[in-house]
There are 2 protein chains.
Amino acid sequence: MSKNAGVYLDIADAIRRDIVSQELAPHTRLPSEPELAVKYRAARATVRRALAKLQDEGLIYSRQAVGSFVAEPRVEQDLDHLTSFTEFMVYRGMKPGSRLIETGTQEVTDPESPILHYLGLRAGAKVLHIRRLRLGGREPLVIASTWLPEARFPDFWQHDLASKSVYEIMGESGHKPTDAIQTIESVTLNEVDAKLLALSTGAPALRICRVAYASGLPVEYAIDLYRGDRTKFRVRLGVLEKRLSAQIHSEQIAI
Amino acid sequence: MSKNAGVYLDIADAIRRDIVSQELAPHTRLPSEPELAVKYRAARATVRRALAKLQDEGLIYSRQAVGSFVAEPRVEQDLDHLTSFTEFMVYRGMKPGSRLIETGTQEVTDPESPILHYLGLRAGAKVLHIRRLRLGGREPLVIASTWLPEARFPDFWQHDLASKSVYEIMGESGHKPTDAIQTIESVTLNEVDAKLLALSTGAPALRICRVAYASGLPVEYAIDLYRGDRTKFRVRLGVLEKRLSAQIHSEQIAI
DNA sequence: AGCCTAATGCTGTCTAGACAAGTATCTCCT
DNA sequence: AGGAGATACTTGTCTAGACAGCATTAGGCT
């Protein structure tokens, strides 16, 4: 358990275990920070950091000068930094599937192309393109198109797309995404896409446009088309600033 | 400028000003944390906290043992904890408008009602209901329905909905939301809603279901229907854990 | 009894210092 | 000249202690 990844993570795990195993009722008060510091033989700042993590997860909340309390159960509080489709389907207990529609290396010549713009490339740059139909079980769920800058992934095609996720391959090249910006909008399907998703033309769908960054550099531009009848997105958002860091919002995909 | 809201916020503001006013190029290295500590006469921990905030905003990124760097410009990095429709429209420079469709106090008798479930109430509880058509400029943008538990806002109707936002009124009762969970899905409009939004039946729309919390207690259940041709949602998501708190994802509404 | 005030304890913020782990650079040796 | 190792610097983590602001509680006064 206690890896060297940080004491505060161990303390957070311990407190989380206490909360779920003892099944503490919502709004039960936790021991005070000084008490927790004694219990875990750590400085109060370290305890606070652990509590901040739990608060970000939505497991506890705090009231100034009163204490920290167990929060009311919400939806799947523990999924936090899930991003990959594969990871998510595994978590959901569904078998992730994939059908390649198109792959290859393209040279983007149109200087107005959003691919160039979002990846920060100049006209004429080469990009890797993957277009897949993603399945959950046997049902088609998403049409996923992603573009990666070729310069950063020169030996991308050496890897096996069937056995590894795109994010895994990106990680092996030292450019695993650390954060991303997505825009979500509602569209109706055209004839081609509807056919792929086994729906009728005009059915509602979610169009998600994502730019993912590693060390401040854009490394992925993606457009996903989720079928609207099987997909919801869940977003957690904060309003106030609390505890340690400024702001905290979890997020992830839901079926 | 320098309110007593926290030194680290002042330092964050100062560094942010330096970055935007001097128009530092992306990937320019900032002074090291000890240097910044000397410059702002603060402890390194305080400087780190300011840097963490800027990192959460997407303005800078850091590489271990190397330094902190100016990030590439992204989309509207500074809007973080915007939530209220009114605030957002003001920010956008559009005049927020409102047309009341329905208001009143309801007694919810159906024990299966999602309103009861999400607000943590028992059958028979009373809720305040507001249903409005929200306008940006002169165009209808959203059909917004919200339910609040009456027990926590007994004198809600004394306030003037025309001059204050719902969140302002909630704040005056001591229950300003601090965080929320939203689900976003794609739907097509039925005849009634399409007419309100001045669209044709079957047009795409985003349906957002939100539960907002104050001090760990649910205080708002809302369903918003955004017209799909004028609305995108932007979400920022993090994968790794960095710097101070666990993880950080900003989020907000975009037109 | 009821009200006001002071004491207490808690979270929130900040300081000053230390060590660990990683990167970049410089120096020395071959 | 080129490579390898030592070194200095940077971020990341942690400690111990201090003070401020706030909420609750207990005590004392009317």
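Letters go in sequence order (proteins before strands), and every chain restarts at 1. Keep in mind the model is a prediction, meaning the values are calculated, not measured. Quick note: numbers below take in every heavy atom, side chains included, and nothing from hydrogens, waters or symmetry partners.
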Between Y213(B) and E72(A), a side-chain donor and acceptor under 3.5 Å | no
Figure out the OH/C1' separation between Y61(B) and dG12(D), and round it to whole Å.
-> 18 Å
What integer distance in Å separates Y40(A):OH from dT13(D):C1'?
-> 19 Å
Separation of dT13(C) P from D10(B) CG (nearest whole Å) = 13 Å
Decide whether W157(A) and T105(A) meet the rule of one side-chain donor and one side-chain acceptor closer than 3.5 Å.
-> yes
Please state whether the phosphate of dT11(C), meaning OP1 or OP2, lies under 4.0 angstrom from any side-chain nitrogen or oxygen of R48(A).
-> no
Per Y8(B) side chain, nearest of listed nucleotides dT10(D), dC14(C), dC22(D) = dC14(C)
Check nucleotides 16-19 of chain D for protein N or O atoms closer than 3.5 Å to its own N or O atoms and list the pairs.
unit_1, atom_1, unit_2, atom_2, d
dA18(D), N6, R44(A), NH2, 3.4

Within the pair T46(A) and dT15(D), is there a side-chain N or O less than 4.0 Å away from OP1 or OP2?
-> yes
Phosphate OP1/OP2 of dT10(D): any S62(B) side-chain N/O under 4.0 Å | no
State whether a side-chain donor-acceptor pair under 3.5 Å links H129(A) with Y221(A).
-> no
Can you tell me how far P of dT11(C) sits from CG of L51(A), to the nearest Å?
-> 8 Å
Value in whole Å for how far the P atom of dT11(C) lies from CD of Q55(A) = 12 Å
Contact under 4.0 Å: R49(B) side-chain N or O vs dT13(C) OP1/OP2 | yes
Just to confirm, is there a sub-4.0 Å distance from OP1 or OP2 of dA24(C) to any side-chain nitrogen or oxygen of R63(B)?
-> yes
Using the benzene-type ring in the case of Trp, are the ring centres of H175(A) and Y167(A) under 6.0 Å apart?
-> no
Specify the separation, in whole Å, of atom CG of L9(B) and atom C1' of dC14(C).
-> 13 Å
Please report, rounded to the nearest Å, how far the P atom of dT10(D) is from the CD atom of Q64(B).
-> 14 Å
Contact summary for L217(B) and R152(B), nearest pair of heavy atoms = CD1-NH2, 3.9 Å
Taken to the nearest whole Å, CZ/R29(B) to P/dT23(C) is 15 Å
Quick one: CD1 on I15(B) to CG on L54(B), what's the gap to the nearest 0.5 Å?
-> 5.5 Å
Any side-chain heavy-atom pair from V219(B) and L148(B) closer than 4.5 angstrom?
-> no
